[in-house]
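Chain A is the first sequence line, chain B the second, and so forth, proteins listed ahead of strands; every chain is numbered from 1.
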Amino acid sequence: MERLLNIDRQWIFLVVVVVMLVGAIAQPLIPMPISSESRQLYDVVGAVPERGAVIVAMDYGPASKDELDAMSVAVLHHAFARNLRVLGICFDQQGVSNAERLIMDVAADSNRRDGDDFVFLGFQSDMTAAILGMGTSIKDVFPEVMVDGESRTTAELPVMRGLEKLEDIALSVQMTGSKDYEKWINYGNARTGLTLATGATGAIVTGLYPYLSSGQVSGLLRSTRGAADYERLVLDAHPGLERSAGRKMSVQFLAHIMLLVFIALANVGGLLGRRTAAEDDPA
Amino acid sequence: MIRRTSLGGLIAALLVLLPLAVQAQEASVTTWIVEGEAWVFIGILVMGGLAAVGIFYAKAGHTISARAMPAVEAAEDGIGRAVEMGRPVVFVPGVQGITKAGTIAGLSILRLVAEKCAEVGARLIVPCRDTIVTSIARETVEDAYKQAGRHEEYRSEDVFFISRRQLAYTAGVNGVLEREHPATVFLQGEFSAESLIFGETGNRAGAMLIAGTDKETQLPFFITTCDHTLIGEELYAAGAAISKDVLTLGSLRGVDLARLVVGAIIVLGIVLEIARLGWIRTMLGG
Amino acid sequence: MSTSIGVWVAALLTLAMFSFLYRENPVYRVAEHILVGVASGYTVLLMYYRVFIPVVWNGIAHPKGVESFFWTFLFTVLALLFLAPFVPRIGWLARIPAAIAVGYAAGQELIAAVQARLFPQLLDTVTAFDGASGAPAVIDALLIVVGTLSVVFYFTMTFRRTPVLNGVARVGVVFLMIGFGAVFGNMVISRFTLLIGRIEFLFGDWIHLIPS
Amino acid sequence: MRTRIPLALAAGMVVLMVLAFFSPKLKATYESPINNGLFIFMAFAVVPAIVSLIRLHVARIRRKHPDSIYSGIALSALFATLFCGLIIDKHAFNGPSFRWIVTFIFEPLQQAVFAFLAFFIVSAAYRAFRARTLEATLLLFAAVIVMIGNAILPLPGPSGPAELWLLTVPSMAVQRGIILGVALGIIAQSVRILLGLERGFVGRG
C-alpha cells in the first residue's frame, strides 16, 4: 500500500512537530493588536442589556473543536459573567454532545442555574426549517429539553419567560467551520432582523467579510487569532477565563515563520532553475 | 418534452395549492400580502425570469457555446507533450460521487482528454475513488478509443478503482504519480483538503498540471501548484460545453443575462447615489 | 504521564490514526473502523432521543391538537417512504419525501438569494461611496466596486470574449488571485490549529511535557 | 409517473414556499406543520444510510471477505455505542457512558483525521509553492501578508493592519462577487426545479 511519507516528507514532518513542540513549551509571547472584528463581537455582546437573551449556536463537529471550543467557552463565559440568559443550540449532527458539555461546564463555573439562567435547547435535524420555525415560535422547534437530567417542556422554563420567537432574542453568536453561517444570515437575520455574530474557522472566515461590511453580521472571530484577541478582551473585564487560544498563538507564531521559510526556499530553489516552468500568459 | 414536464409541474403545484389556499382563509392573520417585500418579489421574478429565458433559449435549439478557457486549450499540448516524452497522462476525476456537479463536469472533461489521447496514441491512466464513477470513466475512455478507430489500444486495466476511503485513495493516487512519472496530470472535479498532495507530487514528478475544481477552499492550493486551473463555474461550463449539456448551457446563459442586470444596478445605483437620488437604494431596502 | 484510562485510550487511537502517514497498516484500519461504528451509533442515538421522541412519538402519542396530530402522522407516513428502496419495485417512492425536501429548500433558497444575498450586498456596494471622505476611503470604495464588478463579469461563461470583456476579466483575475491568497493565508492558521491541538493533547495531557 | 409526481411535488413546494413568504396568512397556516415535517423527514432520511452500512459489513463477514475482521470491529463499535446510549444511560441522549465514548474515542479519532492537513501544507509549500505564473505570484504575495498579519507581527497597511485591509477591501470584493454569482446560480437551480427540469434528485428513469 502506498506511503504518504517518503524520505523527503519524513524530515519535513519532523521539523513541523519539533517547531510546534518548542512553541508549545517556550510559549514565545508576541504582542499583537486586537483585531477590530473581535472587538466588534466583544462590543455587541457587551451591548446586550442585563437578563437579555443570547443564542450561542455551537454548530461544529469534532474536526473543528481545537479551533472553535476556545471561542464557545469565551462567549459563554462573557455572557454568563454579564448575567445574560443563554440559549445553547447545536445543529451539527456530531457536535451536540460536546456543545452540551461546554455550556454545562461554563455555567457551573459561573454558578448559573439550568432552566433559570440558561437552557441547552439542543439539536434539530433540519437547520433551515429550525431557524425559520424559531422565527415564529422557539418552543415549537424545541418542544422538550433536558434540565438537570430530566425532560421538561420548554415553554414552562423560567429562562424562556418572554422569549417567544427570534425577535425576542437580543443576539445570536454562531461558532462554525462550514458554510452553514449562510443559514443564520438567510433565515435568521434577513427574515427577522436578528443581530448575528460569528466565530469562524480560518477555512471559511474569508467569505464572511462581505456580510460584516453590509452589517448582516455584527462581529467576527478570525480563527485562533480572533479567539485569542477576544479572550484578552473578556479577561480584562471578567477574569476566570483560560487563555486556550492565546496559548496556541505562541505556537502559531513559530509555525507561521517556519512556513514562510519553506515558501522562500521553494521560490529561491525555483530561481536556481530546479524546474523552470514555461512562461504562460495570464488566463 | 419539456413542455409536458414543466406544464405538469405547474398544474400539479396549483392542484396542491388550491385546497390549501382555500383552507387558509380562516387563518387568524388578516393581511394577505405583506408590504415592504414587494421589491424582493420583483427581484425573484426578474432574476428567475432571466434564468428561464436562458433555459428555454437553449431548449429551443439555439446553440450556446462556452467561452474559450486556457486550461481546456492547454489540454491538447499537454497530451502532445506526453507523446513526445513517451510518458503517460494521468486523469484524476475528483474524490466525490456521481451526484456532485463537479464530478459530472470532470467526467465530461475526461471524454475530451480520452479522445485526444486516443488520436495521438498517448497512454491514459484514470484512478477512481467511486465504483459508479469508475464504470462511467471506463465507458467514456473505451468509447473515445472506439471513435478514434483505435479500440485495440484501449487498456481497461488503466481505468481502475483504488478505494472508497478518502485517505487510502489519496495515497493510491500519490503512488501512481510517483511510479508512472506522468508527463501531464489532470485534476478535474471536486477535491478536498488532502488533495493538496496531488499538486505537490505532480510538481515533483515534473508533470504539467491542469486542474479544475469548484471547492473554494481547494482552489488556492491548485492555483499555486498547477500550471492551469479552472475556477468554480469554469469547470461546469467546460464540462457542459464538451458534453453539449443543453440545460446547463441554457442556465449559464440565463445567469449571464442576470449578471448584466447586477452590473447595471451597481453602476446606476452609484451614479444615482452621487446625484443624491436614492431610488435604487430604497429598492434594495436601504 | 497521565494516569487516566480515557487519555491513554484517546492517545493510542490518535497515534493509530497518525500511523497512516507512514503506511496503511492494520492498527490504522482498526481505528478507522471504530470511528465509522461509533459515528453511526452517535447519529442513531441523537436522532432517536432528540428528534424521533419529541417530534414524532410525542407528536402522535399525545398531540397538542387534532390538526397537529394529522400533520405529524401524514409526514411520518411520507418519511417512511425513505425506506422504500429496501423493498423491490417500489424503491422509487423514496423520491416523494426527497422531492418535498428538495422543493422546500429550493423555495427558501430562491427567496434568500434575493432577500439575503443580492439585495444587501448590492446595497452595500451601491452605498460604498456614501460615507467615504478623504482619499484612502474613496480609493477603498473604488477598489471594492471595481473588484466586485470584475469578479462578477469574470465568470460570464456564454458571452464571446470581446476586448472589453477580456479587459474586465484580466482585472478580475488580479482581484481573484488576491482573494484566493487571503483564503490561503487564513487556511494556514486554521489547519495549523488542528495539529497544534493534537500536539498539545499528546505532549500535554498525555505525556505532561508541555505545562498545561 | 415515477418522475412526474416527484418533479411536480418539488415544483409545488417551491411555489408554496414563495407564496408563504409573501402571504402571512398562508405562512401562519402551513409553516409550523411543514417545518415539523422536515424534522421528521431528516430524522428518517438517516435510516437508509445506517441500514446499508450494517448490511455492507454483515455481508463482508458472511462472505469471509479478507477485511471481515474490520467489519466486525465497525459493527461492535456501533452496537457498543447503542448499548451505552440506550441501556446504560437509559433515559438521556448525553448520558455518562455515552459521553465517555464521545470524549475519549469518537472526538480524538475525528480530530486526528484532520490534524495532518497542516503537515501536507508545509510539505507542499517547500516543494511546490513557487511563484511561477503571474497568478501564483499575486496569490502568494497576498497569502504571505495575511499569514504575517495573522500570527507573526503587525504589518502596517493603508488604514490599519495590512492583512485587515486586504481582507476588508480587495478580498472582500472578490468574496462579494462570488456571493452575487452563487446567488444567481441558486436562482437558476430553483427555476430548473420549478420547471421540473432538474433531474438530479430523481435519477434517470
note = Under 4.5 Å to a heavy atom of chain D? For C/T43 that would be side chain
task = Could you look at D/I69 and say if it's the side chain, the backbone, both or neither that has a heavy atom under 4.5 Å from chain C?
result = neither
remark   = Counting heavy-atom pairs under 4.5 angstrom with chain C, the leader among D/I54, D/V182, D/D67 is D/D67
query = Is it the side chain or the backbone of C/V30 that comes within 4.5 Å of chain D heavy atoms, both, or neither?
reply = both
ask   = Any sub-3.5 Å donor-acceptor pair from C/R117's side-chain atoms to D/I179's backbone N or O?
value = no
key: Under 4.5 Å from a heavy atom of chain C, the part of D/L166 involved   = side chain
query = Who among C/L74, C/V7, C/T148 has the most heavy-atom pairs with chain D under 4.5 Å?
reply = C/T148
inquiry  = Which atoms of D/V191 are under 4.5 Å from chain C, going by heavy atoms: the side chain, the backbone, both sets, or neither?
reply    = neither
remark   = One option among C/L194, C/T14, C/L35 has the most heavy-atom pairs under 4.5 Å with chain D, and it is C/L35
query = Is it the backbone or the side chain of C/I189 that comes under 4.5 Å from a heavy atom of chain D, or both, or neither?
reply = side chain
query = Side chain, backbone, both or neither: which part of C/S150 has a heavy atom under 4.5 Å from chain D?
reply = neither
message = Given heavy-atom pairs under 4.5 angstrom as the criterion, report whether the side chain, backbone, both or neither of D/Q175 touches chain C.
response = side chain
ask   = With a 4.5 Å heavy-atom cut-off, do D/H57 and C/H33 have their side chains touching?
value = yes
ask   = Taking C/E32, C/M187, C/Q108, C/R29 one by one, which has the highest count of heavy-atom pairs under 4.5 Å against chain D?
value = C/R29
key: Structural part of C/P97 lying under 4.5 Å from a heavy atom of chain D   = both
message = Heavy-atom pairs under 4.5 Å with chain C - which of D/V18, D/I193, D/L180 has more of them than the others?
response = D/L180
query = Is it the side chain or the backbone of D/V169 that comes within 4.5 Å of chain C heavy atoms, both, or neither?
reply = both
ask   = For chain C, which residues from residues 145-154 of chain D lie under 4.5 Å away (heavy-atom distances)?
value = D/V146, D/M147, D/N150
query = Between C/V38 and chain D, which part of the residue has a heavy atom less than 4.5 Å away: side chain, backbone, both or neither?
reply = both
query = Between D/F141, D/F98, D/F83, D/F120, which residue shows the highest count of heavy-atom pairs closer than 4.5 Å to chain C?
reply = D/F98
note = Answer key: most heavy-atom pairs under 4.5 Å with chain D among C/V183, C/V44, C/V36 is C/V44
note = Highest number of heavy-atom pairs under 4.5 Å with chain D among C/A79, C/G41, C/G147, C/G185 belongs to C/A79
request  = Could you tell me which portion of D/E163 (side chain, backbone, both or neither) has an atom closer than 4.5 angstrom to a non-hydrogen atom of chain C?
outcome  = neither
ask   = Under a 4.5 Å heavy-atom cutoff, which of D/A45, D/G181, D/S171, D/P158 has the most pairs with chain C?
value = D/A45
ask   = Hey, is the main chain of C/A106 close enough, under 3.5 Å, to the side chain of D/S190 for a donor-acceptor pair?
value = yes
Among D/M17, D/E107, D/R176, residue most engaged with chain C (heavy-atom pairs, under 4.5 Å) = D/R176
ask   = At a heavy-atom separation under 4.5 Å, does D/V144 approach chain C through its side chain, its backbone, both, or neither?
value = neither
query = Does the ring center of D/F129 lie less than 6.0 Å from the ring center of C/F184?
reply = yes
query = Checking heavy atoms, do the side chain of C/V9, its backbone, both or neither come under 4.5 Å from chain D?
reply = both
message = Quick check: closest heavy atoms across C/G37 and D/A77, and the distance to 0.1 Å?
response = CA-CB, 3.9 Å
task = Heavy-atom distances under 4.5 Å only: say whether C/Q115 touches chain D with side chain, backbone, both or neither.
result = side chain
ask   = Do D/N94 and C/Y49 have a side chain donor and acceptor closer than 3.5 Å?
value = no
When D/L38, D/N36, D/I187, D/L117 are compared by non-hydrogen pairs under 4.5 Å with chain C, the top option = D/L38
message = Between C/F52, C/F82, C/F18, C/F175, who has the most heavy-atom pairs with chain D when the cutoff is under 4.5 Å?
response = C/F82
query = Judged by atom type as modelled, is there a donor-acceptor pair below 3.5 Å linking the side chain of C/Y48 to the main-chain atoms of D/L86?
reply = no
query = Contact part of C/T72 toward chain D, heavy-atom cut-off under 4.5 Å: side chain, backbone, both or neither?
reply = both
ask   = Which pairs, with at least one residue in residues 172-192 of chain C and sequence neighbours excluded, count as a salt bridge (charged side-chain N to carboxylate O under 4.0 Å, His left out)?
value = none
inquiry  = Testing the basics here: between C/R198 and D/Q111, what is the closest heavy-atom pair and its distance to 0.1 Å?
reply    = NH2-NE2, 3.2 Å
request  = Check each of C/V174, C/V173, C/L176 against D/L138 using the side chain to side chain contact (heavy atoms under 4.5 Å, CB included) test, and report the only one that passes.
outcome  = C/V174
message = Using heavy-atom distances under 4.5 Å, tell me whether C/R50 contacts chain D through its side chain, its backbone, both, or neither.
response = side chain
query = Side chain, backbone, both or neither: which part of C/L78 has a heavy atom under 4.5 Å from chain D?
reply = both
ask   = Parallel, tilted or perpendicular for D/F93 and C/Y42, by the 30°/60° rule?
value = perpendicular
inquiry  = Is C/I111 close to chain D through its backbone or its side chain, or both, or neither, when contacts mean heavy atoms under 4.5 Å?
reply    = side chain
